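In what follows, a single structure is set out as structure tokens and then discussed.
Note that this is a predicted model, so its numbers are computed, not measured. The residues of the chain are indexed from 1 along the displayed sequence. Counting starts at 1 for both ligands and their atoms, following the listed order.
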Amino acid sequence: MSVKGKTAVITGSNSGIGLGIAQELAQAGANVVLNSYTDNKADHALADEISRVTNTKARYIQADLSKGDQARALIEQAGQVDILINNAGIQHVAPIDEFPAEKWDMIIAIMLSSVFHTTAAAIPMMRKAGWGRVINISSAHGLTASPYKSAYVSAKHGVVGMTKVVALETAREPITANAICPGYVRTPLVEAQIPDTAKKYDMTEEEVIEKVLLERQPSKEFATTEQLGGVAAFLCSDAAAQITGTTISVDGGWTAL
Ligand code: NAD
């Protein structure tokens, strides 16, 4: 089974890893649905460009995934979902006793609850079509922890748990559910952490990259959005049909430490 002609919805895909996965799946022939909470010309232009380059149908659908009804509406508006990539994410870093409650709620809503809503809405479509792939973008922080990231680490661990449940509930069907756990990938989400961390530890930005960000990544290299797109495409292939309910780390050895 190839992804040719399948519809893939990738949440949070006007940037970073989501956009990389969308481009990779479109290259392989899937019709992709891009998403974010904004509704700018540039968002729609990204989809048009993917359509033009890959000769597939690409669309952009605005939905704020901090709201459950909008997460479900994204799936309904897509019409058909064969491949669901739950990728949207944000970050906030603070000690737990100073962590703003509204940031906690927002991170859990976007990164954990939205995965519940999109998956719940998409599984019946996959069942009807007789094939489906749920791919959740968790993190090395879905398997290990770091200080000051209570909401992020909790959401990412939660996503790994939800992945296992969905895999068990669909185990007798041609549907799989897996989580990809990237280490650091140099995307806008990571770029945004560099200046603050530099200020906090009185370091240059280069020192932050080497000594803080890549400190736990033994390869000392960022993973790339293309590599993550390739892993997602592999999980959609026949070779991966019996891979379900598990995590695939793309972290340069982080979780081997
Ligand atoms: P990014 O900031 O480039 O992308 C995040 C995407 O989520 C953007 O498209 C953004 O618009 C979207 N988004 C944010 N809030 C949203 C909302 N309310 N509704 C809809 N969309 C929303 O970041 P990224 O690094 O590409 O991260 C993508 C995913 O990968 C996240 O879940 C992140 O936790 C995970 N991840 C990233 C890294 C890394 O090093 N970059 C490592 C491990 C896991």
Exercise. Indicate whether any N or O donor in one side chain lies under 3.5 Å from an N or O acceptor in the other, for Thr11 and Asn87.
Key: no
Quiz prompt | Between His92 and Phe99, ring centroids under 6.0 Å | solution = yes
Quiz item: Taking atom 5 (C) of ligand 1 as the point of reference, which of Gly16, Gly183, Ser36, Gly89 owns the nearest heavy atom?
Solution: Gly89
Quiz item: Can Tyr152 be said to touch ligand 1, with heavy atoms closer than 4.0 Å?
Solution: yes
Quiz item: Under 3.5 Å, N or O to N or O, is Gly12 touching ligand 1 that way?
Solution: yes
Exercise. Heavy-atom contacts with Ile17 under 4.0 Å: which atoms of ligand 1 show up? List them by number with element.
Key: 26 (O), 30 (O), 36 (N), 37 (C), 38 (C)
Exercise. Return the option from Asn14, Ile137, Asn87 holding the heavy atom at the smallest distance from atom 31 (C) of ligand 1.
Key: Asn87
Exercise. Using distance alone, with no hydrogens and no angle criterion, decide if Thr246 and Asn178 have a side-chain donor and acceptor under 3.5 Å apart.
Key: no
Quiz item: Has Arg216 got its NZ or CZ under 6.0 Å from the middle of the six-membered ring of Tyr184, at an angle within 45 degrees of the ring axis?
Solution: no
Quiz prompt | Interatomic spacing from CZ in Arg127 to OG1 in Thr170 - rounded to 0.5 Å | solution = 7.0 Å
Quiz item: For atom 44 (C) of ligand 1, what's the nearest protein heavy atom and its distance?
Solution: Ser138 O, 3.2 Å
Quiz item: Which ligand 1 atoms does Tyr184 reach within 4.0 Å, using its non-hydrogen atoms?
Solution: 40 (O)
Quiz item: So which heavy atom in the protein is nearest atom 17 (C) of ligand 1, and how far is it from that ligand atom?
Solution: Tyr37 CD2, 3.5 Å
Exercise. Mark up the atoms of ligand 1 that fall under 4.0 Å of a heavy atom belonging to Ile110, in ascending order.
Key: 15 (N), 18 (N)
Quiz item: How far does CD1 of Ile107 sit from CD1 of Ile110, to the nearest 0.5 angstrom?
Solution: 8.0 Å
Quiz item: By number and element, which atoms of ligand 1 are closer than 4.0 Å to a non-hydrogen atom of Lys156?
Solution: 31 (C), 32 (O), 33 (C), 34 (O), 35 (C)
Quiz item: Backbone N or O of Gln227 within a donor-acceptor pair of the Thr224 side chain at under 3.5 Å?
Solution: yes
Quiz item: Relative to the heavy atoms of Ser13, which atoms of ligand 1 are at a distance of less than 4.0 Å?
Solution: 9 (O)
Practice problem: Taking atom types as modelled, find out whether Asn136 and Ser138 have a side-chain donor-acceptor pair closer than 3.5 angstrom. | Solution: no
Self-check item: N/O separation below 3.5 Å, Met111 to ligand 1
Solution: no
Quiz item: Is the shortest N/O to N/O distance between Ser15 and ligand 1 below 3.5 Å?
Solution: yes
Quiz item: Hey, which atoms in ligand 1 end up nearer than 4.0 Å to a heavy atom of Val190?
Solution: 39 (C), 40 (O), 41 (N)
Quiz prompt | Heavy-atom pair with the smallest gap, counting every atom of Met203 and Glu207 | solution = CA-OE1, 3.4 Å
Quiz item: For atom 19 (N) of ligand 1, which protein heavy atom lies nearest, and how many Å away is it?
Solution: Leu65 N, 3.0 Å
Quiz item: Do Arg72 and Asp69 meet the salt-bridge criterion of a basic N to acidic O distance under 4.0 Å?
Solution: no
Quiz item: Which of the atoms in ligand 1, numbered in the order shown and given with their element, are less than 4.0 Å from a heavy-atom of Ile90?
Solution: 14 (C), 15 (N)
Quiz item: Going by the atom numbers of ligand 1, which of them fall below 4.0 Å from some non-hydrogen atom of Ala63?
Solution: 19 (N), 20 (C)
Quiz item: Is there a nitrogen or oxygen of Val185 sitting under 3.5 Å from a nitrogen or oxygen of ligand 1?
Solution: yes
Quiz item: Hey, is the main chain of Ala177 close enough, under 3.5 Å, to the side chain of Thr244 for a donor-acceptor pair?
Solution: yes
Practice problem: Looking only at protein heavy atoms, identify the closest one to atom 18 (N) of ligand 1 and say how far it is in Å. | Solution: Asp64 OD1, 2.9 Å
Quiz item: So between Leu189, Ile10, Leu213, Ile107, whose heavy atom ends up nearest atom 27 (O) of ligand 1?
Solution: Leu189
Quiz prompt | Side-chain donor or acceptor of Arg59 paired with backbone N/O of Ala78 under 3.5 Å | solution = yes
